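Read through the structure below, which is laid out as structure tokens, and then see the notes.
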Amino acid sequence: MPEGHTIHRLAAEHRARFLDRPVRASSPQGTFAAGAALIDGRELTAAEAHGKHLFLGFGPAGWVHVHLGLFGRYELHEPSGGDGAPPPPPLPTVRLRLEHPRGGHADLRGPTACALITEPEKQALHDRLGPDPLRPPDAPGNDPERAWARISRSRTSIAALLMDQKVISGVGNVYRAEVLFRHGVDPYLPGKLLPRETWLAIWSDLTALMREGVRLGRIDTVRPEHTPEAMGRPPRVDDHGGEVYVYRRTAHPCLICTTPIRTAPLATRNLFWCPTCQPPHPQ
DNA sequence: ATCCGATGTCAAT
DNA sequence: TTGACCTCGGATC
């Protein structure tokens with residue numbers, strides 16, 4: 001589930017449900033029981049996202065820092081039934097439940113991180129994250145030039161750089177594969193060989209794609225003219241719910257040129273690309 | 001019933 | 001480069 005669009009959507013959901021409301025907090029799973037006790041009954045004062053990090057503000061109590069990692073999930077529920085009817089009890093693996101009578105409840109399971117942190121600790125996290133296509137362009141340091149400064153000096157492949165949260169934050173395995181396909185870029189191209197105008201186009205494309213991801217709650221990257229319907233091919237529903245060009249489509253032909261999609265491990269994840277639409281750079 | 005992989009990251013080697 | 005961690009669901013037996 002979790003790339004940056006998921007986290008930004010969660011921040012917005014938390015604001016809509018709980019902002020300025022006193023929430024009940026609990027941790028049936030236990031690992032965060034002490035932290036939950038410290039925020040229980042307090043008002044949510046802020047909810048923001050940077051890359052794949054979620055920050056829930058509880059005034060003087062500090063911030064709950066959440067990172068979903070690979071397996072973390074959120075479930076959001078509307079208020080149950082009649083007036084004041086309590087929600088169903090959380091499953092034992094729920095690390096953090098927040099609830100409010102009119103906001104419903106949010107259940108967090110399996111996160112890599114769920115911890116109460118201070119404002120300076122939060123700032124330290126921001127400081128080590130690269131610019132985020134989903135943060136406002138006027139947010140401090142949220143400038144694609146910062147990413148370009150690193151990419152343009154690096155011998156590392158662009159596919160690995162896109163996954164490096166210090167370079168650019170919020171992009172994960174789906175967006176990296178899809179955005180490189182959309183721009184016809186060889187994933188193995190060293191950053192320093194990527195044309196500057198291609199980088200700026202990739203950044204601006206990520207901004208649009210990820211905003212759409214926040215809006216829809218899924219990753220759709222296929223242009224209207226390439227949808228299976230438009231191409232006269234059978235429609236395909238991807239495992240993650242969206243329509244994509246290459247991510248986990250190794251059993252299928254490329255939507256544009258019918259070449260079989262390739263896969264190989266890169267930067268600890270499985271990379272997917274079309275060797276025809278993204279031709280390898282010379283040697 | 002069991003295995004395996006998954007939209008992630010960090011520390012240890 | 002590998003192993004550890006967190007949880008769940010789909011494939012396989």
Side-chain angles (χ1 to χ4, degrees), chain A residues 1-11 27-33 35-36 49-55 64-76 90-97 106-115 117 121 124-130 132-134 156-157 159-182 187 206 209-222 236-251 261 263-273:
Chain A
M1 315 251 113
E3 294 192 27
H5 69 300
T6 304
I7 315 307
H8 281 262
R9 189 180 166 87
L10 283 169
S27 177
Q29 185 262 2
T31 316
F32 189 58
H50 187 163
K52 301 168 190 169
H53 297 253
L54 176 66
F55 301 98
V64 174
H65 170 226
V66 173
H67 196 296
L68 293 179
L70 193 47
F71 322 119
R73 296 179 173 205
Y74 256 107
E75 258 179 37
L76 301 168
L91 295 173
T93 53
V94 169
R95 182 79 59 86
L96 174 61
R97 166 173 285 193
D107 281 351
L108 168 63
R109 289 186 267 176
T112 284
C114 175
I117 63 172
E121 287 169 330
L125 287 166
H126 289 298
D127 291 345
R128 65 173 175 70
L129 289 171
D132 175 348
L134 288 176
T156 304
S157 69
L161 289 165
L162 283 174
M163 295 287 275
D164 183 342
Q165 304 296 300
K166 299 187 291 300
V167 174
I168 175 173
S169 62
V171 174
N173 204 23
V174 182
Y175 281 121
R176 88 155 163 185
E178 294 299 308
V179 82
L180 290 174
F181 178 90
R182 283 170 59 97
L206 282 170
L209 285 174
M210 294 176 77
R211 275 190 196 144
E212 194 66 354
V214 173
R215 195 171 72 79
L216 298 174
R218 60 167 197 259
I219 299 179
D220 277 322
T221 60
V222 178
R236 169 176 186 275
V237 178
D238 287 284
D239 288 359
H240 67 281
E243 205 66 59
V244 293
Y245 284 108
V246 293
Y247 175 70
R248 288 193 358 178
R249 288 192 79 257
T250 36
I261 300 302
T263 186
L266 182 69
T268 79
R269 316 305 304 285
N270 292 320
L271 171 70
F272 303 87
W273 79 102

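Lettering of chains follows the sequences in order, A, B, ..., and the numbering in each one begins at 1. Note that this is a predicted model, so its numbers are computed, not measured.
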Distance in angstrom units between A:Tyr74 OH and C:dT7 P, rounded:
14 Å

For A:Thr31, which contact category applies under a 4.0 Å heavy-atom criterion: base, sugar-phosphate, or nothing?
nothing

B:dG8 P sits how many Å from A:Met163 CE, rounded?
5 Å

Could you tell me whether the phosphate oxygens of B:dT7, OP1 or OP2, come under 4.0 Å of any side-chain nitrogen or oxygen in A:Lys52?
no

Closest to the side chain of A:Tyr247, out of B:dT9, B:dC10, B:dT7, is B:dT7

d(CZ, A:Phe32; P, C:dC5) in whole Å:
21 Å

Select one nucleotide: of C:dG9, B:dG8, B:dT9, the one nearest the side-chain heavy atoms of A:Gln165.
B:dT9

Are A:Asp107 and A:Arg109 within salt-bridge range, i.e. N to O under 4.0 Å?
no

The reported gap from NE2 in A:His53 to CZ in A:Arg128 (rounded to nearest 0.5 angstrom) is 5.5 Å

Quick one: is A:Arg269 getting a side-chain N or O under 4.0 Å of the B:dA6 phosphate, OP1 or OP2?
no

So if I take every side-chain heavy atom of A:Arg109 and compare against C:dC8, C:dT7, B:dG8, which nucleotide ends up nearest?
C:dC8

Which one, C:dT7, B:dG8, B:dA6, comes nearest to the side chain of A:Gln29?
C:dT7

Between B:dT7 and C:dT1, how far apart are the two C1' atoms, rounded to whole Å?
23 Å

How would you label the contact of A:Arg128 with the nucleic acid (heavy atoms, under 4.0 Å): base, sugar-phosphate, or nothing?
sugar-phosphate

Rounded distance in Å - CG (A:Leu70) to P (B:dA6)
9 Å

Among B:dG8, C:dT7, B:dT9, the one nearest A:Arg95 by side-chain distance
C:dT7

Can you tell me how far C1' of B:dA6 sits from OH of A:Tyr175, to the nearest Å?
17 Å

Below 4.0 Å: OP1/OP2 of B:dT9 and any side-chain N or O of A:His67:
yes

Please list, chain by chain and in numerical order, all residues satisfying side-chain contact (heavy atoms from CB on, under 4.5 Å) with A:Pro111, sequence neighbours excluded.
A:Arg95, A:Leu108, A:Cys114

Shortest non-hydrogen contact from A:Thr221 toward A:Ile219
CG2-CG2, 3.8 Å

Can you tell me the distance, in whole Å, between the CG atom of A:Leu129 and the P atom of B:dT9?
9 Å

Length of the NE2-P vector between A:His65 and B:dC10, whole Å:
9 Å

Rounded to the Å, how far apart are A:Glu212 CD and B:dT7 P?
22 Å

Is there side-chain contact between A:Val244 and A:Phe272, with at least one heavy-atom pair below 4.5 Å?
no

Quote, to the nearest angstrom, the P distance that separates B:dT13 from C:dC5.
14 Å

Contact summary for A:Val94 and A:Pro28, nearest pair of heavy atoms:
O-CD, 3.1 Å

Looking at the side chain of A:Thr93, which of C:dC8, B:dC10, B:dT7 is the nearest nucleotide?
C:dC8

Quick check on B:dA6: is either OP1 or OP2 less than 4.0 Å from any side-chain nitrogen or oxygen of A:Asn270?
yes

